[in-house]
Amino acid sequence: MKITLKFLLLLIVVKIFFLAIIFVCVDNSWIDIPMNHSKAELRQRTGFYMLILVGLLGPFLEECMFRLPLVAKPINFSISGTIIFLYLYSFYTGVELDSLDFFGQRLLLSSVLFILIYGFCNKYSAQLEMLWKNYKIITIVLMSFLFAIFHLLNYDSKSLSFLSGLVVVVPYFISGLIYSHVRLNYNFRLVILIHMLFNGMGLVLTYLF
């Protein structure tokens, strides 16, 4: 419990620090950070649906994508790669992840991809494990960076300036490093729990304010 609270508090401090920077920059019209969804839209969807999506499912899927493969196992790579594919499919086609549209097609493609990734990684598991071991720091930094870039989808990226994008990406990058530390030094279940608690707190604050 102490470990959970320690890292949760650390994430909150990072978030508050960068929120203060964003507030000052936006208040002085130095940057503009347009969201893809307005607060009004978010509030309309807040409730059980948002609790599941933002507080539970989102953190679980993100940890499967970006922290699960930090431990070099074929099954980890397969799960991560398949979920990333589904997100990319959703992004480029406009089909929401929770939609039943093209469900059969998505299920077939993701199943084939899962098998292919697993087969490849299983065949070269020893080499991949050695590669991950030799480039551990680079892997952590890369996955944390991808985690940060992934969250740009929450914003109107076409309207973001370089400075605005930097202010958005850096706190997520730091959070990614913290989650990676928990994943590698404790366990995967703990990092999911911390991520869920952090997102849940953010959801409550968004609804209240």
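Given the structure is predicted, the values throughout are model-derived calculations rather than measurements.
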If you define the side chain from C-beta out and look only at heavy atoms, does anything of [X] sit under 4.5 Å from [Y]?
X      : Y      : result
Phe188 : Cys64  : yes
Ile75  : Phe114 : yes
Met130 : Gln127 : no
Leu142 : Tyr135 : no
Met143 : Leu146 : yes
Tyr179 : Leu11  : yes
Ile149 : Phe173 : no

Donor-acceptor pair, distance only, cut-off 3.5 Å: does the side chain of [X] make one with the backbone of [Y]?
X      : Y      : answer
Arg183 : Arg67  : yes
Asn76  : Val71  : yes
Asn185 : His181 : yes
Ser90  : Leu86  : no

State the [atom1]-[atom2] distance between [X] and [Y], to the nearest 0.5 angstrom.
X      : Y      : atom1 : atom2 : result
Leu113 : Ile83  : CG    : CD1   : 11.5 Å
Leu8   : Ile194 : CG    : CD1   : 7.0 Å
Ser111 : Arg106 : OG    : CZ    : 12.0 Å
Asn122 : Lys73  : CG    : NZ    : 12.5 Å
Gln105 : Ser110 : CD    : OG    : 10.5 Å
Ile79  : Glu63  : CD1   : CD    : 13.5 Å

Is it the case that one hydrophobic cluster holds both [X] and [Y], taking links as side-chain heavy atoms less than 4.5 Å apart, direct or via other members?
X      : Y      : value
Leu152 : Leu88  : yes
Leu107 : Ile117 : no
Ile12  : Leu19  : no
Val169 : Leu166 : yes
Tyr89  : Tyr92  : yes

Nearest heavy-atom pair of [X] and [Y]: which atoms, and what distance?
X      : Y      : answer
Gly176 : Phe147 : CA-CD2, 3.8 Å
Leu177 : Ile140 : CD2-CG2, 3.9 Å
Ser80  : Pro69  : OG-CG, 3.6 Å
Phe60  : Ile192 : CD1-CD1, 3.7 Å

*Other residues, nucleotides, ligands: >12 heavy atoms within 6.0 Å of Phe85 CZ*: yes
*asked:* If you count every heavy atom of other residues, nucleotides or ligands that lies below 6.0 Å from Tyr186 atom OH, does the total exceed 12?
replied: yes
*Taking ring-ring contact (aromatic ring centres under 6.0 Å, His included) as the test, write out the residues that go with Tyr172, two or more places apart.*
His151
*asked:* Could you go through Tyr87 and Phe91, starting from their C-alpha distance and side-chain angles, then the distance that decides it, and tell me whether this counts as ring pair (Phe, Tyr, Trp, His ring centres under 6.0 Å)?
replied: CA-CA 6 Å; Tyr87 266 102; Phe91 178 74; over 10 Å; no
